[in-house]
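In what follows, a single structure is set out as structure tokens and then discussed.
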Amino acid sequence: MSHFTAVILAAGKGTRMKSELPKVMHTLAGRPLIDHVLEKVAKPGINDVITIVGHGREMLWEHLGERTRVVVQEEQLGTGHAVMQVLPLIDENSSILVLSGDQPLLAGHTLQSLMEIHQKTGSSATVLTAVMENPSGYGRILKENNVFQGIIEEKDADVLQKGIKEINTGTYCFNGAALKFALQKITPKNAQGEYYLTDVFDILLSYGQKIEIFCTDDPSEALGINNRVQLAEAEDILYDRIRKYWMMEGVTIINPPSVFIDAEVVLGKDVILNPFTMIKGNTRIEEGANIGPSTTLINCVCQKGCQIEHSVARDAVIGENCLVGPYAYLRPGTVLGKEVKVGDFVEIKNSIIEEGTKVPHLSYIGDSRLGKNVNIGAGTITCNYDGENKHQTIIEDRVFVGSNTNFVAPVSIGKEAVIGAGSTITKDVPDQALAIERSQQRIIENWHLSKKK
Ligand code: UD1
Ligand code: CA
């Protein structure tokens, strides 16, 4: 296959989104729409990618980085006008693949077929179409005796044309020279006063050029995101595809419709995802982990065999065979070693907790380092913040901390030390010492009776 240049249209404001955010930056299954399209064009046969930006260009520019060449369309005068902006960069002898930044569900294999058909037939242009039960909003494919005659936009269509169910997906292949030639001839004489890319087909046909149609058998691929209802529909479809993909890869999902897995997530074999669970961002879950029910993980690494239930974790690493929850909250910078237990109503932030340590109940551990096989009693708190700065608590291996202890950081506790329950520890404790900080208990005999007099 000869080389393709991919051109992604992403300059439009996305007026129908009613948003400050450029349309292609709205997220779908955890990443912006534009990233879904970029993923599809990162494939053999496509050796150059150009993205056309306009509305919200600074944000897009920064987001796209080195992944694509970027061309600015100063004023958004239509899809044809957008493609005109890249003509100076286009080699007449190459093939051009045009895609919309707002069409994220296109399948890689469909794109592959489209490119192959285009090259095999040697046509000037090949249009990807789909048959939709409800085609409203899309350009319709005009045919006579089953021969392609052009594309009519919804706003320019008459009642009969609106009844046509075969639609233009907005994805095409062009011969470079033919595209250049036809684009110079389009005009904005239509209901929207725009330069329509879809008008090039009329022009090419009138010059006797050959145009192919390739109709995908999955209309969901064609879904263009113009408003938030379509964004939600697309997300439903994509989440469903992702769940099916991972189930086929050996993941058990209990009650699949209640489990949401983002596009970038990676799951190992024999992972179990229980109901009402969201796996977000670039989370990675290794073999045999059992996650949920009712758990949200964002950008986490969950190592082999860990179990997490009814909990929330963000930017955290959960080690092999850890037990987390119910009702734990792991915040950014939490790193749990092997077989750590984090129990109910425990919050951990920016802390390293080594192998075999247990924080089973009602604790806050922040900016801390806990060694191996430490036992933290119920209700223990690290007081890491003095109102201005955060300070560190260090607790070495095999320390036993009695319940309801406060560690006023910065403070260090040596190996195998024991902390008496109810202590507020403000000074470092040496290895193997007992530290206890509590006033003497007083007993007032017969106090209850004396009150009654
Ligand atoms: C377009 C097609 C329609 C097709 C539909 C598929 C035209 C005239 N119509 O309509 O036939 O059925 O897509 O989804 O092409 N854009 C720019 N610059 C502009 C205008 C748009 O870059 O000046 C970009 C948008 O950001 C968007 C894409 O082009 O990513 C499509 O534009 P949009 O306005 O959504 O076109 P539709 O009305 O959906
Ligand atoms: Ca669109």
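Only heavy atoms go into these numbers, but all of them, side chains included; no hydrogens, no water, no symmetry mates.
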Can you check side chain to side chain contact (heavy atoms under 4.5 Å, CB included) on Ile8 and Thr68, steps first, answer last? CA-CA 10 Å; Ile8 302 172; Thr68 156; 5.9 Å; no
Is the shortest side-chain N to carboxylate O distance from Arg67 to Asp35 below 4.0 Å? yes
Using modelled atom types only, decide if a donor and an acceptor are shared between the side chain of Thr283 and the backbone of Asn299 within a distance under 3.5 Å. yes
Heavy-atom closest pair (Pro135 atom, Ile167 atom, distance to 0.1 Å) is CB-CG2, 3.5 Å
Can Lys162 and Asp158 be counted as an ion pair, charged N to O under 4.0 angstrom? no
Side chain proximity check, Thr126 to Tyr172, heavy atoms < 4.5 angstrom: no
Distance check, rounded to the nearest 0.5 Å: Thr357 atom OG1 versus Leu336 atom CG? 10.0 Å
Plane angle bin for Phe201 and Phe148 - parallel if under 30°, tilted between 30 and 60°, otherwise perpendicular: perpendicular
Just verifying a value: how many Å separate Lys244 NZ and Ile253 CD1, rounded to the nearest 0.5 Å? 11.0 Å
For Lys40 and Leu106, indicate whether the former's side chain and the latter's backbone hold a donor-acceptor pair under 3.5 Å. yes
Gap between atom CZ of Arg314 and atom CG of Leu330 - 0.5 Å precision: 12.0 Å
Under a 3.5 Å distance rule, please check whether Thr169 uses its side chain to pair with a backbone N or O of Thr171 as donor and acceptor. yes
Working for side-chain hydrogen bond (donor to acceptor under 3.5 Å, both in side chains), residues Thr277 and Asn274: CA-CA 6 Å; Thr277 288; Asn274 292 283; over 6 Å; no
Run the salt-bridge test on Lys372 and Glu339 with the 4.0 Å N-O cut-off and return the result as yes or no. no
Pair Gln76, Lys13: side-chain N/O donor-acceptor within cut-off below 3.5 Å: no
Locate the shortest heavy-atom distance separating Gly176 from Ile96; write the atom from each residue and the value. CA-CG1, 3.9 Å
Are Tyr385 and His391 close enough that some pair of their side-chain heavy atoms sits under 4.5 Å apart? no
Return yes when atom NZ of Lys304 has more than 12 non-hydrogen atoms of other residues, nucleotides or ligands closer than 6.0 Å, and no otherwise. no
Donor-acceptor under 3.5 Å (Gln209 side chain, Ser206 main chain): no
Show, in sequence, the C-alpha distance, side-chain angles and deciding distance for Lys269 and Glu287, and conclude whether the side chain to side chain contact (heavy atoms under 4.5 Å, CB included) test is met. CA-CA 5 Å; Lys269 276 198 193 117; Glu287 273 174 58; 4.2 Å; yes
Show your reasoning for whether side chain to side chain contact (heavy atoms under 4.5 Å, CB included) applies to Val266 and Ile285. CA-CA 6 Å; Val266 178; Ile285 303 180; over 6 Å; no
Residues Arg284, Glu286: salt bridge by 4.0 Å N-O rule: yes
N-O pairing of Asp102 and Lys23 below 4.0 Å: yes
Could you check whether any side-chain heavy atom of Asn93 comes within less than 4.5 Å of a side-chain heavy atom of Asn175, counting everything from C-beta outward? no
So, taking the atom named OG1 in Thr380 and the one named CG in Asn406, what distance separates them when rounded to the nearest 0.5 Å? 8.0 Å
Do the non-hydrogen side-chain atoms of Thr216 and Leu128 ever get within less than 4.5 Å of each other? yes
May I ask you to say whether Glu264 pairs ionically with Lys280, meaning some side-chain N is under 4.0 Å from a carboxylate O? no
If you compare all heavy atoms of Lys143 against all heavy atoms of Glu166, which two are closest, and at what distance to 0.1 Å? NZ-OE1, 2.9 Å
Do Arg140 and Glu154 meet the salt-bridge criterion of a basic N to acidic O distance under 4.0 Å? yes
Stepwise salt bridge (Lys or Arg N to Asp or Glu O under 4.0 Å) test for Arg228 and Glu235: CA-CA 10 Å; Arg228 297 189 200 226; Glu235 196 158 54; over 6 Å; no
Donor-acceptor pair between Glu221 and Thr110 side chains, under 3.5 angstrom: yes
State the CG-CD1 distance between Leu238 and Ile242, to the nearest 0.5 angstrom. 4.0 Å
Using the rule given for side chain to side chain contact (heavy atoms under 4.5 Å, CB included), can you reason through Leu370 versus Ile376, listing the C-alpha separation, both sets of side-chain angles and the distance that settles it, and then say yes or no? CA-CA 10 Å; Leu370 275 52; Ile376 301 286; 3.9 Å; yes
Going through the checks in order, is the side-chain hydrogen bond (donor to acceptor under 3.5 Å, both in side chains) test met by Ser19 and His26? CA-CA 9 Å; Ser19 174; His26 281 260; 3.0 Å; yes
With a 4.5 Å heavy-atom cut-off, do His81 and Glu194 have their side chains touching? no
Check this for me: does any side-chain nitrogen of one of Lys349 and Asp367 sit under 4.0 Å from a carboxylate oxygen of the other? yes
Work out which heavy atom in Tyr196 is nearest to a heavy atom in Asp156; give both atom names and the distance. OH-OD2, 2.9 Å
Under a 3.5 Å distance rule, please check whether Arg241 uses its side chain to pair with a backbone N or O of Leu105 as donor and acceptor. yes
Indicate the atoms forming the closest heavy-atom contact of Gly281 with Val265, along with that distance. O-CG2, 3.6 Å
To the nearest 0.5 angstrom, please state how far the OH atom of Tyr245 sits from the CG atom of Asp240. 15.5 Å
Mark yes or no for whether Ser311, through its side chain, and Ala328, through its backbone, hold a donor-acceptor pair below 3.5 Å. yes
Take atom NZ of Lys358 as the centre, draw a 6.0 Å sphere, and report whether it contains more than 12 heavy atoms from other residues, nucleotides or ligands. no
In terms of side-chain geometry, is the basic nitrogen of Glu39 or Arg31 positioned less than 4.0 Å from the acidic oxygen of its partner? yes
Nearest heavy-atom neighbours spanning Ala263 and His36: CB-CE1, 4.0 Å
Using only atom types and a distance under 3.5 Å, with no angle test, would you say the side chain of Lys155 pairs donor to acceptor with the backbone of Gly137? no
Under 3.5 Å: donor-acceptor pair, side chain of Ser294, backbone of His310: no
Any side-chain heavy atom of Asp202 within less than 4.5 Å of one from Ile186? no
For the side chain of Ser136 and the backbone of Asn134, is there at least one donor-acceptor N/O pair under 3.5 Å apart? no
With a 4.5 Å cut-off on side-chain heavy atoms, are Leu205 and Ile211 touching? yes
Check: Asn145 side chain, Val147 main-chain N or O, donor-acceptor pair, under 3.5 Å: no
Under a 4.5 Å cut-off applied to non-hydrogen side-chain atoms, are Cys302 and Leu297 in contact? yes
Could you check, using the six-membered ring where one of them is a Trp, whether Tyr329 and Phe345 have ring centers closer than 6.0 angstrom? no
Please determine whether salt bridge (Lys or Arg N to Asp or Glu O under 4.0 Å) holds for the pair Glu354 and Arg369, giving the CA-CA distance in whole Å, both sets of side-chain angles, and the decisive distance to 0.1 Å. CA-CA 8 Å; Glu354 292 180 34; Arg369 187 171 65 70; 3.7 Å; yes
